[in-house]
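First comes the structure, then the notes that go with it.
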Amino acid sequence: MRKPCCEKNETNKGAWTKHEDQKLIDYIQKHGEGCWRSIPPAAGLLRCGKSCRLRWVNYLRPDLKRGNFGQDEEDLIIKLHALLGNRWSLIAGRLPGRTDNEVKNYWNTHLKRKLLQMGIDPKNHHIRPTTAKSFFSNNQERNSAEDNNTRVLDSMSGPHPESFAVSGLPDLNL
DNA sequence: AAGGGTGCCAACCGCACTTCG
DNA sequence: ACGAAGTGCGGTTGGCACCCT
C-alpha cells in the first residue's frame, strides 16, 4: 500500500488564505513550478505539494480566464465531451485559460442539466426519445433527431464549423 | 427575520500513471 | 525489470451564498 503523499497532521487543510496564496505565488514566480513536493517547505507553507499544485493550477495561475463561459466555450465542451468523455484535463487543454476543475464543475452544474433539458443523455450524448420529443418540437430544428438514436455533435451551434473535418468531428489534434 | 433548500465552486481523496534509481 | 516516489487526474464533498417560503 502506498504511503500518503504527505503527513496530514502536519499540514493545513481547507480554504487557502491570502497570505498562503501570496507565499505560493512569490515562490513560483521566483523558482518556477518545479517539484511540487519540495515547494511547501521551501515556500514556508504548511500544505502538501498536491494541495499547492491544485491551488496554483486552478486558481492562482496568471493566465486563467475566470468568469462565465461563453457560448462558444460551452459548445466546445459539449462536443469534446461527446468525443472524449470525462477526460477533463484534455477538454480543458482545448480551452485556453480554463482548468480541468473549472470545466468539470461547469459540466456538472450547468451543461449536464442543459443536455437533459434538451433530451440528450449527458453520459453518451444520445437523444433520449421521450424528452427530446418535447424539446425539438418546440425548437423545430431536429425533427428527425430521435431517428436511430442519432448522435448530437452536429446539433450544437458552434461558432467554428470550419474546424470540423468531413467526418463531422473537429480536428482536435489530441 | 429566520430557516430550509438548492446551486455553485474550491478543495480533498484515492487511484492510475510516469519517472527514476 | 522492478519498486518506490512523485505527479496528474477524475470523482466527491464541504461549506458558503443565494433564493424561496
Side-chain angles (χ1 to χ4, degrees), chain A residues 1-126 128 131 134-135 151-153 156 169-174:
Chain A
M1 195 61 187
R2 177 182 290 260
K3 283 193 296 183
C5 72
C6 52
E7 296 299 327
K8 289 177 185 175
N9 53 354
E10 292 176 14
T11 56
N12 287 345
K13 284 177 70 170
W16 280 64
T17 64
K18 285 192 173 179
H19 193 56
E20 287 177 308
D21 282 346
Q22 199 52 54
K23 276 184 176 177
L24 185 56
I25 291 168
D26 288 346
Y27 182 87
I28 290 177
Q29 280 176 349
K30 271 184 194 164
H31 303 93
E33 289 184 28
C35 171
W36 289 110
R37 199 178 161 85
S38 68
I39 285 179
L45 288 163
L46 288 172
R47 296 276 181 174
C48 74
K50 253 176 141 172
S51 181
C52 292
R53 177 189 157 272
L54 204 68
R55 183 65 178 169
W56 174 255
V57 167
N58 287 328
Y59 202 82
L60 300 176
R61 250 169 46 195
D63 58 329
L64 291 181
K65 223 184 231 179
R66 314 206 56 81
N68 293 340
F69 282 73
Q71 185 60 50
D72 53 338
E73 288 178 305
E74 225 177 68
D75 289 345
L76 187 55
I77 292 169
I78 293 169
K79 283 168 188 164
L80 289 167
H81 187 270
L83 285 168
L84 303 167
N86 294 356
R87 310 281 296 278
W88 304 117
S89 59
L90 277 179
I91 294 172
R94 312 301 303 178
L95 291 158
R98 301 297 187 185
T99 70
D100 55 352
N101 209 31
E102 210 176 357
V103 171
K104 181 171 59 181
N105 280 332
Y106 192 69
W107 175 265
N108 285 326
T109 55
H110 293 86
L111 297 181
K112 221 168 163 179
R113 197 179 315 146
K114 192 174 173 179
L115 289 190
L116 284 170
Q117 279 174 0
M118 291 166 68
I120 298 164
D121 189 334
K123 280 182 188 166
N124 53 22
H125 295 256
H126 287 174
R128 298 161 54 153
T131 40
S134 56
F135 176 81
R151 283 213 160 212
V152 295
L153 282 173
M156 304 305 163
L169 299 179
D171 180 13
L172 295 168
N173 188 27
L174 294 170

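Treat the numbers as computed from the prediction; the structure is a model and nothing was measured. What you see below is based on every heavy atom in this structure, not just the backbone, and it leaves out hydrogens, waters and symmetry mates. Throughout, protein chains are lettered first and strands after them, A, B, ... in sequence-line order, and every chain is numbered starting at 1.
With C:dC9, C:dG10, B:dC9 as the candidates, the nucleotide lying closest to the side chain of A:Asn105 is B:dC9. Closest to the A:Tyr59 side chain, of the nucleotides B:dA10, C:dG6, C:dG10, is B:dA10. For A:Arg37, the listed nucleotide lying nearest its side chain is C:dT7; candidates were C:dT7, B:dC12, B:dA10. Residue A:Trp88 places its side chain closer to C:dG10 than to any other of B:dG7, B:dC12, C:dG10. Set against C:dC9, B:dG7, C:dT7, the side chain of A:Ser89 has C:dC9 as its closest nucleotide. When each of B:dC12, B:dC8, C:dG8 is scored by its nearest atom to the side-chain atoms of A:Ser51, the top-ranked nucleotide is B:dC12. Minimum atom distance to the side chain of A:Leu54 is reached by B:dC12, of the listed B:dC12, B:dC9, C:dG11.
Judged by distance alone, with hydrogens and angles left aside, A:Lys50 brings a side-chain donor or acceptor within reach of the base of B:dG14, the pair sitting under 3.5 Å. Between the side chain of A:Lys104 and the base of C:dG11, at least one donor-acceptor pair of N or O atoms lies under 3.5 Å.
The aromatic rings of A:Trp107 and A:Trp88 sit tilted relative to each other, their planes meeting at an angle between 30° and 60°.
At C:dG8, one or more side-chain N or O atoms of A:Arg53 fall inside 4.0 Å of OP1 or OP2 (strictly under the cut-off).
A:Arg113 places a side-chain N or O within 3.5 Å of a backbone atom of A:Thr109 that can act as its donor or acceptor partner.
Using a 4.0 Å heavy-atom distance criterion, A:Asn101 is classed as a base contact.
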